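Because the structure is predicted, anything quoted here is derived from the model rather than measured.
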2 protein chains.
Amino acid sequence: MSLELAPVNKSSLSKQVADQLQEAILEGFLKADDRLPTEDELAKRFQVSRPTIREALKRLAAKNLIRSRRGPTGGTFVNHLGADELSDQLATAATLFVSMNDISVDEISSTRLQLESLCCNLACDHRSEDDLNKLREELKIQLDESTSAEEFCASDVRFHRAIADASNNKMLSFVMYTLIEALQPVANMITYRFRQRDIITEQHRQLLNAIERQDSISARETLCEQVDYLNQLQKEAQANHQRR
Amino acid sequence: MSLELAPVNKSSLSKQVADQLQEAILEGFLKADDRLPTEDELAKRFQVSRPTIREALKRLAAKNLIRSRRGPTGGTFVNHLGADELSDQLATAATLFVSMNDISVDEISSTRLQLESLCCNLACDHRSEDDLNKLREELKIQLDESTSAEEFCASDVRFHRAIADASNNKMLSFVMYTLIEALQPVANMITYRFRQRDIITEQHRQLLNAIERQDSISARETLCEQVDYLNQLQKEAQANHQRR
DNA sequence: ATTTTATATTTGTAAGACAAATTAACTTAT
DNA sequence: ATAAGTTAATTTGTCTTACAAATATAAAAT
């Protein structure tokens, strides 16, 4: 009869090391821009080989928690993560979630409408001149005929992000970024295939105008209009796809 | 004068490989539960060494995109990701975001209040008997005096998740999970230090009741009450901390 | 027929070497 | 003395080889 005293950790060494380091970062023992020990040093301390340490570090790098540079002043450093740095992870997570759980476009766009309405309400109250300038800048890009399709899509994303940021609620911005990214594939497809840029741009102009005037009711109306419009186009596109 | 024709990829090999594999998963070339080639095979195909392949795979493993098993029928497989599987990543992302951008508790809880109100509205309209049963089950756990503090906190999380799920909007649920996780550290601290379980539980009872009766107005009132209550406790806790 | 044993496959870990990048210190020429 | 170029040292990036551990399959023994 064995007492099974050993509480052996079942997961791989590289995962254990990664978890410990992540804990240290989350608990604040390792702060932003702190330099970790060299890989050799870590290998000694954790009593594992360097490849194992490297696998652990790559796990953290995949989460954007650390960055590495070569050379004497190089090494591995803790990242400082803002909404921007986290957005790509959120984007892939959201994209995967949407594609693997067959989320309907309706679900996404209705959720987005609700949340973006919230953002607009707050934006009308709290928008700074800075926020308005960002929106104006993007609108200018979108009005420009010479703007390429790719640039237009990118500007579209930045425009909606700027609305979220204008809410002056960082947590809400963070959440909103996820939704914007999740819907973007659809929006891009529409922009590429139908090129109805002028309609979208006009809606953006009205949105900016409403936020300038702090007219949250009109802002919401415009939002509804845009979401409806995108939904309609999306359904047409789907119908076209079926017909083939 | 060199023409610099070579568009050399600046990032590391392991990152390039990881990106390519991730692309394949996101684009649907690799579906859930598909088995990837063995590490040796991948090394041959990508013309890199096995450690490099492994570093790439660990990057994807950190994102929960793949899992690995040893043995003849083992290998590396594509994960199917639901809201649950993604929640821990969201949790760490949200936790980091909150801690590294000094997000105020007000921002989090006001955002949560708005979103959870939304969930409640939808839940009142669309809740199934299944949803109600989940809520009842958690309430029962919370009413039980013998439930430990840890179990109570876990049940609290599940209760609010169940509300999100009852909205019948998966995208909204997904977003809501993030917020619940982000606020949880605060909620836990309160529960541990003040142990006002009965008040929280009573609020949950009222919430469940309102959703049962499809009374969205009363549901919202109870939500406000709970968020206010948590905010107040949080401020008291902070004041106590200052005084020392 | 059932259990045991061997065996093959695949991921996990280790050790050592060299390459590449990058900075610091040093040397040399002006 | 100053400036530029050179060398050396440090650290991550990659490769090679080898072995360990887990696990399913097939063969062999009971």
Side-chain angles (χ1 to χ4, degrees), chain A residues 2 4 6-22 24-25 30 32-79, chain B residues 2 4 6-22 24-25 30 32-79:
Chain A
S2 75
E4 304 185 26
V8 281
N9 211 323
K10 196 68 169 58
S11 54
S12 70
L13 287 178
S14 70
K15 176 149 181 54
Q16 291 177 46
V17 171
D19 287 343
Q20 283 190 50
L21 289 176
Q22 173 168 328
I25 295 174
L30 289 170
D33 292 331
D34 275 359
R35 188 188 140 159
L36 275 68
T38 66
E39 295 178 352
D40 277 321
E41 186 68 25
L42 287 171
K44 273 185 210 158
R45 292 206 201 168
F46 283 98
Q47 294 278 321
V48 298
S49 69
R50 191 154 87 92
T52 300
I53 289 291
R54 284 185 60 79
E55 286 181 11
L57 292 178
K58 289 329 164 209
R59 293 180 118 108
L60 300 184
K63 298 183 187 176
N64 244 309
L65 288 178
I66 56 173
R67 62 183 181 279
S68 294
R69 245 188 19 243
R70 287 198 270 216
T73 63
T76 305
F77 300 86
V78 178
N79 275 338
Chain B
S2 75
E4 305 184 27
V8 281
N9 210 324
K10 195 70 169 55
S11 56
S12 70
L13 288 178
S14 70
K15 177 150 180 51
Q16 292 178 46
V17 171
D19 287 344
Q20 284 190 50
L21 289 176
Q22 172 167 328
I25 295 174
L30 289 169
D33 292 330
D34 275 359
R35 188 190 141 158
L36 277 68
T38 66
E39 294 178 350
D40 277 321
E41 185 68 26
L42 287 171
K44 272 185 212 157
R45 291 208 202 166
F46 283 99
Q47 295 278 320
V48 297
S49 69
R50 190 153 90 92
T52 300
I53 289 290
R54 284 185 61 78
E55 286 181 11
L57 292 179
K58 287 330 163 207
R59 294 179 116 109
L60 300 184
K63 297 183 187 175
N64 244 310
L65 288 177
I66 57 173
R67 63 184 181 278
S68 294
R69 242 185 24 239
R70 287 198 270 212
T73 62
T76 305
F77 300 86
V78 178
N79 275 339

*Round to the nearest Å and state the distance from A:E55 atom CD to D:dG13 atom P.*
14 Å

*Under the 3.5 angstrom rule, does the side chain of B:Q16 hit a backbone N or O of B:S11 as a donor-acceptor pair?*
yes

_Heavy-atom closest pair, residues A:S49 and A:A43_ = C-CB, 4.1 Å

*Salt-bridged, B:D19 to B:K15, with N to O below 4.0 Å?*
yes

*Grab the CD-C1' distance between A:E41 and D:dT12 for me, whole Å please.*
15 Å

*Just call it for B:K15: base, sugar-phosphate, or nothing, with non-hydrogen atoms closer than 4.0 Å on any strand.*
nothing

*By a strict heavy-atom criterion of less than 4.0 Å, which residues belonging to residues 43-54 of chain B are in contact with DNA chain C?*
B:R50, B:R54

*Donor-acceptor pair, B:R67 side chain versus B:V78 backbone, under 3.5 Å?*
yes

_Per-nucleotide protein contact string for nucleotides 20-26 of chain D, where B marks a base within reach and S marks sugar-phosphate only (heavy atoms under 4.0 Å, - for neither)_ = -BBBB--

_Going 5' to 3' along DNA chain C, between which two nucleotides do contacts with chain B fall, using a heavy-atom cut-off of 4.0 Å?_
C:dA8 to C:dT13

*Length of the CG-C1' vector between A:D40 and D:dA9, whole Å*: 14 Å

*Might you point out which heavy atoms bring B:F46 and B:I53 nearest each other, and give the distance in Å?*
CD1-CD1, 4.0 Å

_Side-chain heavy-atom pair B:L42, B:T76 within 4.5 angstrom cut-off_ = no

*With distance as the sole test, does A:R70 use its side chain to make a donor-acceptor pair with the main-chain N or O of A:G74 at under 3.5 Å?*
no

*Base, sugar-phosphate, or nothing: which does B:R67 touch, judged by heavy atoms less than 4.0 Å apart?*
nothing

*Pair A:E55 + A:R59: basic N to acidic O under 4.0 Å*: no

*Decide yes or no on side-chain contact (heavy atoms from CB on, under 4.5 Å) for B:I25 and B:I66, but give the supporting numbers first.*
CA-CA 10 Å; B:I25 295 174; B:I66 57 173; 4.2 Å; yes

*Of B:R45, B:R50, B:K44, which meets salt bridge (Lys or Arg N to Asp or Glu O under 4.0 Å) against B:E39?*
B:R50

*Round to a whole Å and report the spacing from CD of A:E39 to C1' of D:dT14.*
11 Å

*Evaluate side chain to side chain donor-acceptor pair (under 3.5 Å) for B:S14 paired with B:T52, printing each intermediate quantity in order.*
CA-CA 5 Å; B:S14 70; B:T52 300; over 6 Å; no

